[in-house]
Amino acid sequence: MTQTTLRTHRCGALRKEHVGQRVRLGGWVHRRRDLGGIVFLDLRDRDGLVQVAVGPGWASPDLVTRAQTVGPETVLLVEGEVVARPPAMRNAELATGDVEVHATSLRVVGPAETPAIPVARGKGEELAAEELRLKYRHLDLRRPELQANLILRHRLLQRARRALSELDFLEIETPNLTKPTPEGARDYLVPSRVHPGEFYALPQSPQIYKQLLMVSGFDRYFQIARCFRDEDLRYDRQPEFSQIDIEASFVGQEDVLGFVETVLVALWDEAGHTIARPFPRLTWREAMERYGTDKPDLRFDFPITDWTAQVQPLGVPFFQGATNGSRVRGIAVRGGGTLSRKDVDQLAETAKTHGAPGLAWVKRQGEQLSGSVGKHFNAAALGQIGVGDGDVALMTVGPDRVTSPALDKVRREVIRRLAPQPKLAHAFCWVVDFPLFEPDPETGKPVFAHHPFTSPHPEDLGKLDSDPFACRALHYDAVYNGNELGSGSIRITDPAIQRKVFAHLGLSPADIDARFGFLLTALAAGAPPHGGFAVGFDRTVMLIVGAASMRDVIAFPKTTAARALFEGAPAPARPEDLAALHIKAVPPHE
RNA sequence: GGGGCUGUAGCUCAGCUGGUUAGAGUGCCGGUCUGUCACACCGGAGGUCGCGGGUUCGAGCCCCGUCAGCCCCGCCA
């Protein structure tokens, strides 16, 4: 199957069963070992490495001389015989290590200048700086690690398509030149040449299109959708990214969760991992109470507990603020006695940078109690909160919106430092019953926590105006090892409710019709109940391959400043191009 | 928008309290070598210390600014 007019096999595919065959190979010189009379070349392609031997007995003296001069990363066409290596000369570290190719012909078809960054790397050698890896991406992508990542990414894409296709989903493409969205992330804008002063936006997601497809009766849609958001980046956030985007009609939340589980289990299976179904479920409230986050890492225990009642009588000054709306919450760290004073200080620093007033702690070693609030505690009080010999209690005080994120970070940091054995390697869960509103961080007023098409929980419709923060949404997240893989919801299909939600966002009736008239018209044209989901595909691949950054699973990623270092994008536009687009660039002012 | 770390040879890094000619490993070039697999050995070339300014008798090192990469906060419906 890999045979072409120029080659018979891939380098990395050769095995014992090929011994005796004459083969033609094409590949890059990974490394050269020149012993004078005999030259070894490791030839590399996407399947791996094979040793090519050029020596007397099968190669002409001229061929040996030429083999001595080929530089690394040169592209060669090699012809020769596959030969079994003598037992003492096998290389167990190489998949092709039982054989080598005795070259009888060698053609340089792609001469290479000395590479700016090395492709072949010795054991323990550091990678080149990421800036250079991104600048010389064509070289970095030759590294077997990155090749493996992108090859698995391909297989995961195909597997997702197959799984959804088998569930009767239709792959339908939606536009990339679309309309700006009112809320959410900043849009990338694209000027229109034929309509001066008007702009398309690149989609942040195909949200409205997939809902229109449901109204049109396609019933089950999916797409590997490219999405664009002009926001600041992180190791796991790129300005353009891919989602496995799903929408289905005549479904409730259970149906959608089932579809998504099927896809996720298939993806992990493709990577060689067996995942149990159904995934455990937590309500958003449970997740926040027990883990302080809506994406808990369930590989580990160390739950957060409310200790207000147990701690209040002890008269600890640090906790005196624990009144109206404040609680004392903490983590009983089993085996936390091994945390050093420095560790605990750094944990306290973590708590502070995430908004907590500080971190109180008690360490229990036999009858010995120590720590910042150790003198206020006794064994009985510690027993009440589940702190035994060799354990540490870490706690803080404040309203939940302060203590939850701080204790979440403290818990993650404790887990990182103690590195306990995880209960399971792949901890999936669903987080359901998200609130519909969240307080605006500045005004405290209720603002929508999700996109404006998310349906309120039917049981909470009556509380929309009277008690907005108590309203739940039909919104759900898939969480894996403390990472959000994706989210989805059941959508609003009643145009009247949809209008009401837009009005809540502060849109006037005229705004609503201008921006979402086409959606409302569609909803009024006979809309089936529907809902969907979107899996962040790049992040999923990153987690499956264990990459440190999304950049290692994307062929041509952007830097954290959203630049493409290989091609040099973005770049100034030529004045005549701007003129044709009716655009004038204004230099930034201080 | 804010904070932190980093920037010295092609690559990875060292460079003391500010002091003579800025070093190492690797790669590169030349040489020896018929079983290596990060081959080994001998020799050589290679520097805008990110960039600009300042302090100083003297700056890779101190100060200010700036650029780039990475990480964090904000932001990411």
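Keep in mind the model is a prediction, meaning the values are calculated, not measured. The basis for the numbers below is simple: all heavy atoms, side chains too, and nothing from hydrogens, waters or symmetry mates. Letters A, B, ... mirror the listed sequences (proteins, then strands); counts begin at 1.
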Just call it for [X]: base, sugar-phosphate, or nothing, with non-hydrogen atoms closer than 4.0 Å on any strand.
X	value
A:A120	nothing
A:R133	nothing
A:P72	sugar-phosphate
A:L132	sugar-phosphate
A:S205	base
A:F453	nothing
A:E484	nothing
A:D230	nothing
A:A561	sugar-phosphate
A:L94	nothing

Of all the nucleotides listed ([options]), which has the minimum atom distance to the side chain of [X]?
X	options	answer
A:A116	B:rG10, B:rC71, B:rG69	B:rG10
A:P56	B:rC71, B:rU34, B:rG35	B:rU34
A:E231	B:rC72, B:rC75, B:rA77	B:rC75
A:P452	B:rU34, B:rC70, B:rA77	B:rA77
A:E131	B:rA68, B:rU12, B:rG35	B:rA68
A:D232	B:rG74, B:rC71, B:rC73	B:rG74

Do the side-chain N or O atoms of [X] get closer than 4.0 angstrom to the phosphate oxygens (OP1, OP2) of [N]?
X	N	value
A:R33	B:rU36	no
A:R85	B:rU36	no
A:R563	B:rC67	no
A:R234	B:rC73	yes
A:T114	B:rC28	no

Legend entry - Nearest-nucleotide comparison on RNA chain B, the residue closer to the 5′ end among A:L35 and A:H450: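 Per heavy-atom nearest nucleotide, the more 5' residue is A:L35.
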Inset, instruction - Using the closest heavy atom to pick a nucleotide of RNA chain B for each, name whichever of A:Q68 or A:R31 lands nearer the 5' end. - result: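 Final value for this comparison: A:Q68.
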Give me the atom names and distance for the closest heavy-atom approach of [X] to [Y].
X	Y	answer
A:R539	A:R237	NH2-CG, 4.1 Å
A:Y188	A:P239	OH-CB, 3.2 Å
A:C11	A:T96	O-CG2, 3.7 Å

[N] to [M] separation - [atom1] atoms, rounded to the nearest Å:
N	M	atom1	answer
B:rA59	B:rU17	C1'	14 Å
B:rA9	B:rA22	C1'	11 Å
B:rC16	B:rC63	P	14 Å
B:rU66	B:rU20	C1'	33 Å
B:rA14	B:rG53	C1'	28 Å
B:rU21	B:rG15	C1'	15 Å
B:rC76	B:rG4	P	24 Å
B:rG18	B:rC62	C1'	8 Å

With both distances under 3.5 angstrom, what nucleotide forms a Watson-Crick or G-U wobble pair with [N]?
N	result
B:rG46	none
B:rU20	none
B:rU26	B:rG10
B:rA59	none
B:rC75	none
B:rC33	none

Could you tell me the separation between the [atom1] atom of [X] and the [atom2] atom of [N], rounded to a whole number of Å?
X	N	atom1	atom2	value
A:E126	B:rG27	CD	P	16 Å
A:F40	B:rA40	CZ	C1'	13 Å
A:Y136	B:rG69	OH	P	15 Å
A:D140	B:rG69	CG	P	16 Å
A:Y235	B:rC71	OH	P	9 Å
A:I117	B:rU26	CD1	C1'	15 Å
A:F502	B:rA77	CZ	C1'	11 Å
A:L233	B:rC70	CG	P	9 Å

Indicate whether any N or O donor in one side chain lies under 3.5 Å from an N or O acceptor in the other, for [X] and [Y].
X	Y	result
A:Y209	A:T178	yes
A:R491	A:S455	no
A:T104	A:R22	yes

Any N or O donor-acceptor pair under 3.5 Å from the base of [N] to the side chain of [X]?
X	N	value
A:R32	B:rC37	no
A:R229	B:rC76	no
A:T559	B:rA68	no
A:E125	B:rU26	no

Legend entry - A:F533-A:W430 aromatic ring centre distance below 6.0 Å: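 That pair passes the under 6.0 Å test.
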Inset, instruction - Measure up the A:Y136 and A:H138 rings against each other and bin them: parallel (under 30°), tilted (30 to 60°), perpendicular (over 60°). - result: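 If you compare the ring of A:Y136 with that of A:H138, the planes turn out perpendicular.
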Inset, instruction - Would you please test A:D245 and A:Y221 for side-chain hydrogen bond (donor to acceptor under 3.5 Å, both in side chains) and show each step? - result: CA-CA 8 Å; A:D245 195 45; A:Y221 140 97; 2.8 Å; yes
Legend entry - Lys/Arg N to Asp/Glu carboxylate O, A:D140 vs A:R137, below 4.0 Å: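 Salt bridge: yes.
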